[in-house]
*Asks:* 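Below you will find the structure I want to go over with you.
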Amino acid sequence: MRNKLIIVTAIVSLVLVALTLQMRSSDRVADLESRPMLDEAQLALLGQAEWISLARADQVVELRRDQNGWGVPVHDQFPVLRERLAALLTALRGARILEAKTANPEHHARLGLDDQASGDNSLKVVLGAGDNQLGLIFGEAAGSGQLMRFAGQDQVWLLSRPLGMSLSSHDWLDLKVVELPMELAASARWAHADGDVLALEKAGEGDYNFRIAGLAPEQQQGNERWINSMVLALLDLRAQSVALRDSLELDQPKLRMTVTTWAGTELQAALYELAGRYWVVIESFAQEPSESEQIRVNADSRWAFQIGIGQMENLNKRQADIIRTAVDE
């Protein structure tokens with residue numbers, strides 16, 4: 001029985017390998033028979049683009065480049081999520097045409113290629129630089145590919161792969177506020193508005209766990225995860241939304257937080273509450289050049305970052321919240 005099972009497993013493995021090789025071979029043939037969607041002039045325009053618009057039905061997202069890089073105008077030109085923009089540009093550069101389809105404009109609406117009446121299955125991408133612009137309309141799926149035509153042209157083309165992009169402007173925001181590896185941090189200080197201060201330190205460089213300064217080891221042993229989770233809530237902070245700080249009537253912060261690394265980088269942030277919502281502001285960020293590739297912080301003083309209740313609760317801790325006995329856990 002065991003030998004039969006081994007034989008069956010081997011046969012299934014061979015079949016799967018054969019299918020994989022066949023699929024790869026088919027992809028190679030398709031690549032050889034296809035051609036790039038964009039010609040050299042269009043690729044050059046893509047590289048020089050100053051703005052990009054994506055539209056599907058009533059949803060529209062516009063991205064615009066200025067002296068600070070790419071931003072989202074509807075969100076006060078807040079920086080674009082670089083990975084999402086790179087995915088869009090890569091998809092446009094790498095798109096390949098398999099074959100020509102209909103050139104009859106009467107079929108455009110049925111195929112999702114009518115730019116005057118785009119539906120849920122239609123995506124219009126327009127990009128421009130100066131007086132030059134390029135429009136592409138992506139329509140219905142066709143097998144594993146997608147139908148497409150250039151704006152102003154009737155010819156429909158079949159692409160080898162579909163293009164799918166979010167039309168929520170919020171999804172294009174780079175809401176990663178702080179990326180600071182825990183092992184680089186050496187000390188931390190949490191100062192609450194009522195004067196309560198919590199000072200944290202590490203035993204030595206290379207250590208991961210924080211401990212409460214001045215507290216006997218036996219009193220905090222086993223509670224490292226509560227301490228670390230509080231600091232990590234700042235060091236790995238991703239916001240839920242963002243707003244211009246001047247547009248908010250922020251009063252006094254509930255909490256001020258300071259983290260210093262072994263190399264001397266210092267991050268200062270503050271936590272605010274406003275009308276039942278919670279905001280973090282980066283007050284200052286002084287980075288040592290040696291850590292420039294390891295630490296990333298959006299220290300632009302114009303912005304306030306909205307966080308969730310769970311994030312606020314992780315940040316807004318005191319010593320009494322951290323030192324837990326076995327019974328508490």
Side-chain angles (χ1 to χ4, degrees), residues 175-240 250 252-273 278-301 303-329:
L175 294 174
K176 189 65 176 179
V177 185
V178 180
E179 289 181 282
L180 197 160
M182 186 70 160
E183 58 271 19
L184 296 183
S187 62
R189 186 177 187 272
W190 260 231
H192 294 267
D194 61 5
D196 186 21
V197 174
L198 181 59
L200 305 172
E201 62 184 12
K202 287 184 178 178
E205 191 167 356
D207 193 3
Y208 183 86
N209 295 318
F210 273 102
R211 62 185 183 183
I212 298 176
L215 192 65
E218 60 270 17
Q219 291 182 272
Q220 53 188 325
Q221 187 174 7
N223 294 290
E224 291 88 351
R225 74 170 182 265
W226 302 108
I227 301 173
N228 291 339
S229 65
M230 182 187 78
V231 182
L232 270 174
L234 175 63
L235 299 190
D236 191 31
L237 181 65
R238 179 179 176 82
Q240 292 187 346
L250 299 178
Q252 294 299 314
K254 293 168 58 70
L255 171 67
R256 280 195 162 93
M257 302 160 283
T258 303
V259 175
T260 305
T261 70
W262 294 105
T265 294
E266 183 178 88
L267 168 66
Q268 295 184 3
L271 172 66
Y272 293 82
E273 181 178 0
Y278 302 95
W279 301 86
V280 169
V281 170
I282 305 300
E283 295 192 314
S284 69
F285 176 59
Q287 186 173 35
E288 286 297 312
S290 61
E291 295 180 326
S292 61
E293 295 184 0
Q294 298 168 282
I295 300 174
R296 179 188 170 205
V297 176
N298 187 338
D300 191 329
S301 60
W303 305 111
F305 302 96
Q306 185 181 352
I307 63 173
I309 293 178
Q311 292 172 291
M312 180 277 295
E313 291 175 343
N314 276 334
L315 288 171
N316 195 37
K317 288 192 185 319
R318 302 168 184 264
Q319 182 168 317
D321 300 316
I322 293 173
I323 302 304
R324 304 187 177 206
T325 65
V327 175
D328 292 331
E329 297 183 359

*Asks:* Look up atom CE in M182 and atom CG in L232, then write down how far apart they are to the nearest 0.5 Å.
*Replies:* 4.5 Å

*Asks:* Going by heavy atoms in the side chains, are M230 and D321 under 4.5 Å from each other?
*Replies:* no

*Asks:* Would a 4.5 Å heavy-atom cut-off, applied to side chains only, mark Q294 and T261 as touching?
*Replies:* no

*Asks:* What residues form a side-chain contact (heavy atoms from CB on, under 4.5 Å) with E205, not counting sequence neighbours?
*Replies:* W262

*Asks:* Can you pull the salt bridge (charged side-chain N to carboxylate O under 4.0 Å, His left out) pairs that have at least one residue in residues 280-293, sequence neighbours excluded?
*Replies:* R256-E283

*Asks:* Show me the donor-acceptor pairs, under 3.5 Å and distance only, between side chains in residues 183-193 and residues at least two apart or in other chains.
*Replies:*
from : atom 1 : to   : atom 2 : distance (Å)
W190 : NE1    : L315 : O      : 2.8
H192 : ND1    : N316 : OD1    : 3.4
H192 : NE2    : K317 : O      : 2.9

*Asks:* Please enumerate all residues that pass side chain to side chain donor-acceptor pair (under 3.5 Å) together with Q268, with sequence neighbours excluded.
*Replies:* E266, S284

*Asks:* Would you give the length of the straight line joining atom OH of Y272 to atom NZ of K254, rounded to the nearest 0.5 angstrom?
*Replies:* 12.5 Å

*Asks:* Taking only residues two or more places apart in sequence or in another chain, which ones pass side-chain contact (heavy atoms from CB on, under 4.5 Å) with E224?
*Replies:* N209, N228

*Asks:* Any side-chain heavy atom of V178 sitting closer than 4.5 Å to one from V280?
*Replies:* no

*Asks:* List in chain and number order the residues that pass side chain to side chain donor-acceptor pair (under 3.5 Å) with E179, two or more places apart in sequence or in another chain; answer none if no residue qualifies.
*Replies:* R296

*Asks:* Taking the side chain as everything from C-beta on, heavy atoms only, tell me whether I212 gets closer than 4.5 Å to L200.
*Replies:* yes

*Asks:* List the residues meeting salt bridge (charged side-chain N to carboxylate O under 4.0 Å, His left out) with K176, not counting sequence neighbours, and say none if there are none.
*Replies:* D236

*Asks:* Taking only residues two or more places apart in sequence or in another chain, which ones pass side-chain contact (heavy atoms from CB on, under 4.5 Å) with Q311?
*Replies:* L237, Q240, I307

*Asks:* Can you confirm whether Q319 sits close enough to L215 that some side-chain heavy atom of one is under 4.5 Å from a side-chain heavy atom of the other?
*Replies:* yes

*Asks:* Under the side-chain contact (heavy atoms from CB on, under 4.5 Å) test, which residues partner D300, sequence neighbours left out?
*Replies:* N298, R302, W303

*Asks:* Using the rule side chain to side chain contact (heavy atoms under 4.5 Å, CB included), only one of L198, D194, L255 pairs with R318; which is it?
*Replies:* D194

*Asks:* Run the salt bridge (charged side-chain N to carboxylate O under 4.0 Å, His left out) test against R238 and tell me which residues pass, sequence neighbours left out.
*Replies:* none

*Asks:* Calculate, to the nearest 0.5 Å, the distance between atoms CD and CG belonging to E201 and D207 respectively.
*Replies:* 10.5 Å

*Asks:* So among T260, T258, I282, I295, which one has a side chain to side chain contact (heavy atoms under 4.5 Å, CB included) with L267?
*Replies:* I282

